[in-house]
Amino acid sequence: MPNMTTANPTTEIESARELTELVHDCLARQKPIVDYGCAHGDLGHQPPTEHIQLVQRGSIIEHYQRDMTVRASTGITVADLQAALRPHNQYAPINADDDLTLGEVINHNVYGPLRITYGSMRDLLLGLHYVDGQARDIHVGGRTVKNVAGYDVTRFMVGGLGEYGVVYEATIRTYAIPKQVMQVELALSDPALLDGLCSDWLLSDATPATMMLSRNGSVWAVLAGYFGTEHGCSTQLRNLDSWIAGQNKISISDSSTTQLDAHLQDITLRRGWRRRSTALVKVIVPPASTGQTCKQLASWQGSQSALHIEAMPVHGCIFVGGDLDTEQAVALDTHVNQTIEPVNGLRLWHCRPDHTDQIDPFGQPQSDWPILYKLKRTFDSKNIFNPGRFVPINAKDNNQ
Amino acid sequence: MAEQHPVIAELIAILGEQNVLSQSDELLVYECDGFPIAKGQPTAVVFPSNTDQVSACVKALNHYDLQIVPRGSGTGLAGSAVAYEPGVLITTSRMNQVESLDYENRVAVVQPGVRNLALSDAMADTGWRFSPDPSSQRASTIGGNASTNAGGINTLKHGVTTNHILGLELVLPDGTITTTRSGSMYDGIGADLPGLICGSEGTFAIITRIWCRIVAAPKHFRTVYTIFNSTYDACKTVSDVISAGILPTSMEMMDSSMIQIVESAFHFGFPRDAQAMLLLEIDGVEATLDEQLHEIVRLCRENNATKIEKCSDLERRDQLWSARKKAFGAIGRVSHSYCTQDACIPRSMLPDAMEHIAMLGEKYGLKITNVFHAGDGNIHPIILFDEDDPQEVQQVLRLSEEVLEYCVNIGGTITGEHGVGVEKLHLMTKMFNRDTLDSFLEIKKTFDPGQRINDAKLIPSDRTLVEILKPVAANVPGGAL
């Protein structure tokens, strides 16, 4: 949760009308509205000391079962969303922890190993309702799978850290729950080997539906999931065997059939360290540099306990962190920056020990940030939504 | 001879005489795009070959009260790439280099004038492809595809253009060159700017470089061709297949009149008394395809399919898809004038929607034929009419509007893939509330405070009023579907 040095009032919102009234009220009182989410409370700069803490409750508004889409208020948790879809043999492949709300997933562009098959939230979202900085109720996108009417603000909002408006309703795609999952664990001695293999793997008949690289102690492993019927899963496993035999760099250490829930639960467990760490940074690199970057990150000697490292190699996304103090985190930041600099990588601190300002959470300014800053002023001219979290408070003055 | 606009000399100084068109006869072909109703002759058409030249042209144009209109190869179907008020077309079709193909990171960097198919051709025999496949892909450019967020036949499973764009280089309306998240990165920091720019129909900036995600081309497929005795049954099959959790690559449909038109033109052997034809394709791991195929066939039978042909043979597959792709061209044999609509509705509404649209055709006394992306719910009712009959023309316009209003009322949208351009500007108020339209205009002005670039396209403008006359002497909108 955000660092609240004074007790800030918490406001629960259950409807669009309540939300627009709240925004009206906060505009009149010049009171910021803050919602960093339950798992991203430390992401970005801390909110102003005095603010209204927003909490949204949510539920399914309508499940269009035959269209494979669902409309929900974004205060719904991932667990509740999946529970509502499951009886219809459907699920939302958003791969986020159960306690996150749908809004938090959208605001933070949360994705996981399922992205290989289903894309990320930007690919799943069809429509959004949000209240902007003028307390206007804005509806963009819709419930159809194709739609090019108007600007695609739906996608723009993904990853916006809740600074451009308060999202309160979303329509997303759903998919059928696969009949079975073949979960395969692959051992590899050197994560960098994966860099040369990934594209070949994607071209093979053994492309997995999920893929996650992680380190357990000194052992690197890839967790892969294959979806389908019993026959389909076993065939894909045979295909994987053949593909591995052809390149001789990794080996299958374990395989088992399971159900989707169990497979996703396993993924959640493997990334459980993220929520427990005092230091957590997300690193983005070109996909073919993922393994090498992981290897270099693992070489860091700044703490007695090994760093946790987990990656989605197909998308060049790495999470690294652990239980570090401020000094160690600053040293890790230096190491991360040195590691990713040659490949023009990005890094985003999700959690810094004691919110230390010795680490800039976002790193080097990117070329499109000036436009993002301008758009912040357009969407939220009074700067009341999560002010200062990403867009600097003084961005208007220095025209950044 | 009319006096030339002073900007032309400046543009020639930047680009050279051979890259600037300004004579009236040269400009004729640039009066419209794939939406030939609304026409406007530009002051000039320029053909830059690199980003710096685009920037220099934009800066020069900023000294004059002229609109800047970005254009690819002009295959758009809604009138976005036309200068309806005094303006200059900046055509990026000569910026046509594939700059790099990075298979390890699965990223292609292209200039905006690279044709869609040229990119996939550049990757021939590598196993990779650029997935978006608008029917105009032989001619349309990737810059245009990104600008309109183009769809296509394979988008049901593989997504539309925006799903395959990683980053963009832009020339902003003040001539500044900037880049969104780019390089080989599949993610960025902050809100998704490429997502906002894709589909903005050139109203924010001119796209000058594109980082495209490339994907493994499907190696294995099954194609199913099915005949039904009722459109309703065919549409219900589409909905049943989707709700069964099967995600075909494509599900295309023709109604009875379209089957007859195609059969008369090309003699594919389709039964002339068929009420509907559904063409489905699945792709993926070879060993998993037959199970899906079996389920699709079961659903077709359950919905009273009278003929089902399964195929994994490349030649037959090409023949079947050729029938689909030639459908639009065949319409010209039965009607000189036709008006194609483009709406998208929830897939479960397809059976009712097709019945309702047929009923509307009867109400207005007009023949409607249909060939469309059924799996996406993306319908293309094609209204046949006589352009020499002014009353019938008015009926066509009223019918089109009623069809689109109906689609909006059942949860759909006024355009699934063709875009708004100027064609559907007047319908935006039916799609969006006032606040949302106001916010769109504010976003536009964030990029373009002077409203100098492609104003009054996609969203209504408070500066420019575009009035299109419908229809004109030429054919009413067509284009590939």
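Order of the sequence lines fixes the chain letters, A, B, ..., with proteins taken first and strands second; residue numbering starts at 1 for each chain.
Residue A:Lys376: no heavy atom, backbone or side chain, is found under 4.5 Å from chain B. Heavy-atom distances place no part of A:Glu163 under 4.5 Å from chain B, backbone and side chain included. Heavy-atom distances place no part of B:Lys445 under 4.5 Å from chain A, backbone and side chain included. Looking at B:Thr155, the atoms closer than 4.5 Å to chain A (heavy atoms on both sides) all sit in the side chain, from C-beta outward. For a residue to count as touching a neighbouring chain, one of its non-hydrogen atoms must lie under 4.5 Å from one of that chain's; by this rule A:Leu203 touches chain B with backbone and side chain alike. Both the backbone and the side chain of B:Phe440 come within less than 4.5 Å of a heavy atom in chain A. When heavy atoms are compared at a cutoff of 4.5 Å, A:Asp200 does not approach chain B at all. For A:Arg347, the part lying near chain B is the backbone, with the side chain staying farther off; criterion is any non-hydrogen pair under 4.5 Å. Within the 4.5 angstrom heavy-atom criterion, only side-chain atoms of B:Ile459, from C-beta onward, approach chain A. Proximity to chain A is limited to the side chain of B:Leu247, based on heavy atoms less than 4.5 angstrom apart. Contacts between B:Asp342 and chain A at a heavy-atom distance below 4.5 Å are absent for every atom of the residue. For A:Phe362, the parts lying near chain B are the backbone and the side chain together; criterion is any non-hydrogen pair under 4.5 Å. Contact of B:Leu425 with chain A is not made at all, since no heavy-atom distance falls under 4.5 Å. Using a 4.5 Å cut-off between heavy atoms, B:Asn163 contacts chain A through both its backbone and its side chain. At a 4.5 Å heavy-atom cutoff, A:Asn89 makes no contact with chain B through either its backbone or its side chain. In this structure, the portion of A:Ser204 lying under 4.5 Å from any heavy atom of chain B is its backbone and not its side chain.
Across B:Val420, B:Thr180, B:Val107, B:Ile246, the residue that shares the most heavy-atom pairs under 4.5 angstrom with chain A is B:Thr180. Considering only heavy-atom pairs separated by less than 4.5 Å from chain B, the leading option among A:Gly160, A:Ala176, A:Ser199 is A:Ser199. Looking only at heavy-atom pairs under 4.5 Å with chain B, the residue among A:Thr290, A:Val148, A:Leu161, A:Thr207 that has the most is A:Val148. Ranked by non-hydrogen atom pairs under 4.5 Å with chain B, the options A:Val343, A:Asp205, A:Thr235 are led by A:Asp205. Chosen from B:Gly188, B:Cys198, B:Gly183, B:Ser182, the residue pairing most often with chain A at heavy-atom distances under 4.5 Å is B:Gly188. With chain B as partner, the option from A:Gly232, A:Ala149, A:Gly228 having the largest number of non-hydrogen pairs under 4.5 angstrom is A:Ala149. Most heavy-atom pairs under 4.5 Å with chain A: of the set B:Ala216, B:Gly199, B:Gly416, this distinction falls to B:Gly416. Ranked by heavy-atom pairs under 4.5 Å with chain B, the first of A:Ile177, A:Thr69, A:Asp123 is A:Asp123. Heavy-atom pairs under 4.5 Å with chain B peak, among A:Thr174, A:Val145, A:Leu348, at A:Val145.
When each of B:Thr436, B:Leu437, B:Asp438 is tested with A:Ile138 by the rule side-chain contact (heavy atoms from CB on, under 4.5 Å), just one qualifies, namely B:Thr436.
Between atom CD1 of residue A:Ile371 and atom OG1 of residue B:Thr178 there is a gap of 4.5 Å, rounded to the nearest 0.5 Å. In this structure, CZ in A:Arg143 is found 7.0 Å from CE in B:Met349, a value given to the nearest 0.5 Å. The distance from atom CZ of A:Phe156 to atom CD1 of B:Ile443, rounded to the nearest 0.5 Å, is 7.5 Å. Here the CG-CZ distance, from A:Leu372 to B:Arg181, works out to 8.0 Å after rounding to the nearest 0.5 Å. Rounded to the nearest 0.5 Å, atoms CD1 (B:Ile345) and CG (A:Asn147) are 13.0 Å apart. The structure places CZ of A:Phe379 at 9.0 Å from CD of B:Glu442, a figure rounded to the nearest 0.5 Å.
The nearest pair of heavy atoms linking A:Pro287 to B:Ser184 is CD-O, 3.2 Å. Taking both residues in full, the closest heavy atoms of B:Lys236 and A:Arg66 are given as O-NH2, 4.0 Å, listed atom of the first, atom of the second, then distance.
Between B:Ser348 and A:Asp67, the side chains place a donor N or O and an acceptor N or O closer than 3.5 Å (distance only, hydrogens not considered). Looking only at atom types and distance, the side chain of B:Ser439 has no donor-acceptor partner in the side chain of A:Tyr151 under 3.5 Å away. Side-chain contact, B:Asn149 with A:Asp152: no donor N or O sits under 3.5 Å from an acceptor N or O. With 3.5 Å as the limit, one finds no donor-acceptor pair spanning the side chains of A:Thr144 and B:Thr413.
With contacts defined as side-chain heavy-atom distances shorter than 4.5 Å, the pair B:Phe447/A:Leu375 qualifies. At least one side-chain heavy atom of B:Thr162 sits under 4.5 Å from a side-chain heavy atom of A:Arg122. Looking at A:Gln236 and B:Thr288, their side chains come closer than 4.5 Å, going by heavy atoms from C-beta outward. Contact annotation: the side chain of A:Cys317 never approaches that of B:Tyr186 to less than 4.5 Å [non-hydrogen atoms, C-beta and beyond]. Within the 4.5 Å cutoff, the side chain of B:Arg106 has heavy atoms near those of the A:Val314 side chain. Side-chain contact between B:Leu196 and A:Val153 is present, with heavy atoms from C-beta onward closer than 4.5 Å. Looking at B:Met185 and A:Gln366, their side chains never come closer than 4.5 Å, going by heavy atoms from C-beta outward.
Residue B:His220 places its NE2 atom among more than 12 non-hydrogen atoms of other residues, nucleotides or ligands, all under 6.0 Å distant. For B:Glu405, the CD atom sits in a packed shell: over 12 heavy atoms of surrounding residues, nucleotides or ligands are nearer than 6.0 Å.
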List the steps and the verdict of side-chain hydrogen bond (donor to acceptor under 3.5 Å, both in side chains) for B:Asn433 and A:Asp137. CA-CA 9 Å; B:Asn433 63 27; A:Asp137 187 7; 5.5 Å; no
Step by step, would you call A:Lys146 with B:Val160 a side-chain contact (heavy atoms from CB on, under 4.5 Å)? CA-CA 8 Å; A:Lys146 280 163 88 176; B:Val160 292; 4.1 Å; yes
Residues A:Leu202, B:Trp128; criterion side-chain contact (heavy atoms from CB on, under 4.5 Å); working and verdict: CA-CA 10 Å; A:Leu202 293 176; B:Trp128 301 102; 4.2 Å; yes
One pair to check against side-chain contact (heavy atoms from CB on, under 4.5 Å): B:Val285 and A:Tyr226. What are the steps and the verdict? CA-CA 11 Å; B:Val285 176; A:Tyr226 292 91; over 6 Å; no
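In summary, A:Lys179 and B:Glu291 do not engage in a salt bridge, as defined by a charged side-chain N under 4.0 Å from a carboxylate O.
Residues in residues 150-160 of chain B take part in these salt bridge (charged side-chain N to carboxylate O under 4.0 Å, His left out) pairs, two or more places apart or across chains: B:Lys157-B:Asp283.
Taking A:Tyr91 as the reference, A:Tyr118 meet the side chain to side chain donor-acceptor pair (under 3.5 Å) condition, with sequence neighbours excluded.
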